[in-house]
Amino acid sequence: MENIFKLKENGTTVRTEIVAGLTTFMTMAYIIALNPNLLTNFDVGSPLWNGVFLATCIASALAMFVMAFAANKPFALAPGMGLNSFFAVVVSSVMGIIQQDYVAAFQAALVIILIEGIVFIVLSLLNVREKIVDAIPLGVRLGIAPAIGLMLMNIGLGSNAGVYSETGGPFYVMRDFFGALTASSAQSAMGGGYPQMVLYVATMFIGLFVIVLLAKKGVKGAVLIGMLAASAIYWVGSFAFLSTNPFESLTKASWLPPFADMASTTLFKFNFQGFAQIGWFTVITLVITFCMIDMFDTIGTLVGTASRAGMVDKDGNMPNMKEALLSDAIGTVAGACTGTSTVTTFVESASGVEAGGRTGLTALTCGVLFLACIFIAPIAAIIPAPATSAALIYVGVLMLQGLKNVNFDDLDQMVPVALMLIAMPISSSIGHAIGLGLISYTVIKVFTGKAKDVSVLTYVISALFLIKFFLVV
């Protein structure tokens with residue numbers, strides 16, 4: 001382990017890295033079931049759902065193994081949220097174009113993901129993506145980590161843990177519980193789901209405070225311990241107050257991987273004939289769109305999380321950035337070949353970094369756990385959402401500390417950072433927020449007589465984002 005991952009050089013140990021990998025896994029395990037849900041329109045148990053489920057586990061693991069051994073970085077990868085929803089919309093549109101069923105359209109759309117992945121591999125090998133990272137001005141870079149922190153807090157409080165009831169849903173902690181005028185109005189709106197919401201809130205905040213108290217005492221693995229404590233509280237509360245069995249799903253779960261379904265629906269099942277009917281202009285537009293969102297989501301996560309972990313030099317550059325970027329490119333190709341949408345670096349990696357992860361052993365641990373979920377997915381499914389929310393909120397708070405490096409007396413820095421701080425949690429897109437930051441930075445420099453301070457590549461990227469935001473195709 002020492003020879004492969006240089007643990008002493010990075011100030012870490014095997015135990016710390018494994019705990020960090022487990023922590024990251026627990027905060028992002030939701031993607032294992034959610035990704036096939038989104039890509040198949042919640043057609044749970046169908047052959048396509050089973051194929052996407054296995055593709056999610058396998059492609060994510062492969063990408064993390066590349067991250068571990070090639071880049072030696074603690075970042076985890078999986079099919080990106082937002083990108084998978086967009087892919088599902090694309091599949092629905094392709095259905096109408098090629099006049100075939102959803103599975104055939106899905107297989108045609110996978111060709112687009114394959115092209116995107118190949119393009120990214122070429123750009124990574126030619127150092128183009130690394131040059132794009134370097135083109136991001138320091139002021140914008142300084143705002144990425146705090147903006148990601150706000151996005152994590154927004155996910156934890158706003159959208160990670162939802163409750164359904166006979167009155168509708170989903171109901172969320174911040175909007176529907178704390179946002180209600182009174183407790184009675186919240187209870188009236190949520191109906192029978194109100195007791196579960198109360199348990200969600202209690203679980204979330206007890207878990208958060210356990211993490212904070214342990215962290216203040218310097219306890220290793222505070223995030224993981226806090227998540228386990230929150231999970232225990234939720235399980236006990238489910239038995240005691242909701243009269244439900246949180247482990248009931250285990251009794252009905254299937255423990256045999258549906259490899260036959262994957263082989264028949266997604267594994268190298270590219271529908272090139274259907275793809276050819278989509279139209280080249282549409283294909284090019286979609287490839288560029290997927291590329292831009294994926295590229296800046298990945299860059300933002302790497303830069304923001306690495307900054308928080310102290311893994312950057314004095315100029316804000318991360319060593320082995322090329323290898324880290326190559327990891328998600330290879331993961332995307334693996335995802336297309338196995339049957340899922342674009343694989344990207346997950347912002348939840350910040351939880352593992354906060355737990356002490358500093359090397360590829362963290363990514364390797366998380367990747368092994370993703371592979372294990374091919375066989376033990378039902379166990380991953382019993383981790384309650386409010387327990388992961390506690391970790392996301394805590395890590396989000398810590399990432400806000402990056403604001404101390406921003407010069408708030410300099411509008412060239414302050415305006416892009418402020419826009420990213422509001423855009424990232426609201427849009428749930430790291431890439432789009434960075435785009436707004438770059439556009440604002442460029443405009444301010446140009447109209448204040450400092451156009452020469454902006455690099456040519458920054459102008460190009462800003463122009464591409466303007467086209468993406470405003471060109472209707």
Side-chain angles (χ1 to χ4, degrees), residues 20-21 23-32 34-35 38 56 60 63-64 67 71 73-86 133 136 140-141 143-161 223 227 293-309 311-312 318 321 324-325 327-328 331-332 341-355 357 362-363 366 370 385 388-402 420-435 437:
T23 302
T24 299
F25 170 76
M26 289 184 67
T27 58
M28 63 183 287
Y30 66 86
I31 195 65
I32 294 170
L34 184 56
N35 189 55
L38 293 174
T56 301
S60 301
M64 283 185 263
M67 180 68 76
K73 297 298 178 185
F75 304 116
L77 302 94
M81 289 297 296
L83 287 164
N84 49 14
S85 298
F86 179 58
V133 176
I136 299 175
V140 176
R141 290 192 195 191
I144 292 175
I148 289 175
L150 281 182
M151 187 174 79
L152 288 175
M153 293 176 66
N154 185 54
I155 293 171
L157 289 165
S159 62
N160 187 52
V223 176
M227 290 176 66
I293 297 174
D294 180 22
M295 182 182 299
F296 284 93
D297 276 6
T298 298
I299 289 172
T301 301
L302 290 174
V303 171
T305 307
S307 299
R308 167 64 195 165
M311 292 188 290
V312 296
M318 186 186 80
M321 176 65 81
L325 293 171
S327 301
D328 84 273
T332 296
S341 55
T342 304
V343 172
T344 187
T345 307
F346 254 53
V347 71
E348 284 84 354
S349 301
S351 63
V353 169
E354 202 54 48
T362 295
C366 192
F370 262 76
T388 62
S389 286
L392 294 174
I393 296 167
Y394 171 71
V395 174
V397 169
L398 294 182
M399 295 189 78
L400 287 175
Q401 293 177 355
M420 287 193 295
L421 287 174
I422 193 67
M424 207 171 288
I426 291 178
S427 70
S428 297
S429 173
I430 297 173
H432 287 177
I434 293 175

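On a predicted model such as this, the values are computed, not experimentally measured, just so you know.
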(request) Taking the side chain as every heavy atom from C-beta outward, state whether C366 and M28 have any pair of such atoms under 4.5 Å apart. (result)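 Yes - at least one pair of side-chain heavy atoms lies under 4.5 Å apart.
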Could you tell me whether the side chains of [X] and [Y] share a donor-acceptor contact shorter than 3.5 Å?
X: D328; Y: T344; value: no
X: N35; Y: T56; value: yes
X: S351; Y: T27; value: yes

Where do [X] and [Y] come nearest, in terms of heavy atoms and distance?
X: I293; Y: H432; result: CG1-NE2, 4.0 Å
X: I430; Y: F296; result: CG2-O, 3.7 Å
X: A324; Y: A71; result: N-CB, 3.6 Å
X: V133; Y: M321; result: CG1-CE, 3.9 Å
X: A20; Y: A355; result: CA-CB, 4.0 Å
X: M153; Y: L400; result: SD-CD1, 3.9 Å

(request) Evaluate the ring planes of F346 and Y30, with Trp represented by its six-membered ring, and classify them as parallel (under 30°), tilted (30 to 60°) or perpendicular (over 60°). (result)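 It falls in the tilted class, 30° to 60°.
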May I ask you to decide if [Y]'s main-chain N or O and [X]'s side chain share a donor-acceptor pair within less than 3.5 Å?
X: T362; Y: P74; value: no
X: T332; Y: T342; value: no
X: T24; Y: G352; value: yes
X: R141; Y: I136; value: yes
X: T345; Y: L77; value: no
X: N160; Y: I155; value: no

Just verifying a value: how many Å separate [X] [atom1] and [Y] [atom2], rounded to the nearest 0.5 Å?
X: L83; Y: M81; atom1: CG; atom2: CE; answer: 10.0 Å
X: I393; Y: T388; atom1: CD1; atom2: OG1; answer: 9.0 Å
X: L150; Y: N154; atom1: CG; atom2: CG; answer: 8.5 Å
X: S427; Y: M151; atom1: OG; atom2: CE; answer: 8.0 Å
X: T298; Y: D294; atom1: OG1; atom2: CG; answer: 4.0 Å
X: M318; Y: L325; atom1: CE; atom2: CG; answer: 7.0 Å

(message) Let's go through S429 and D297 carefully: what are the C-alpha distance in whole Å and the side-chain angles of both, what is the deciding distance for side chain to side chain contact (heavy atoms under 4.5 Å, CB included) to 0.1 Å, and is it a yes or a no?
(response) CA-CA 7 Å; S429 173; D297 276 6; 3.9 Å; yes
(request) Pick out which of T305, V303, I299 makes a side chain to side chain contact (heavy atoms under 4.5 Å, CB included) with I144. (result)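 Exactly one candidate clears the test, V303.
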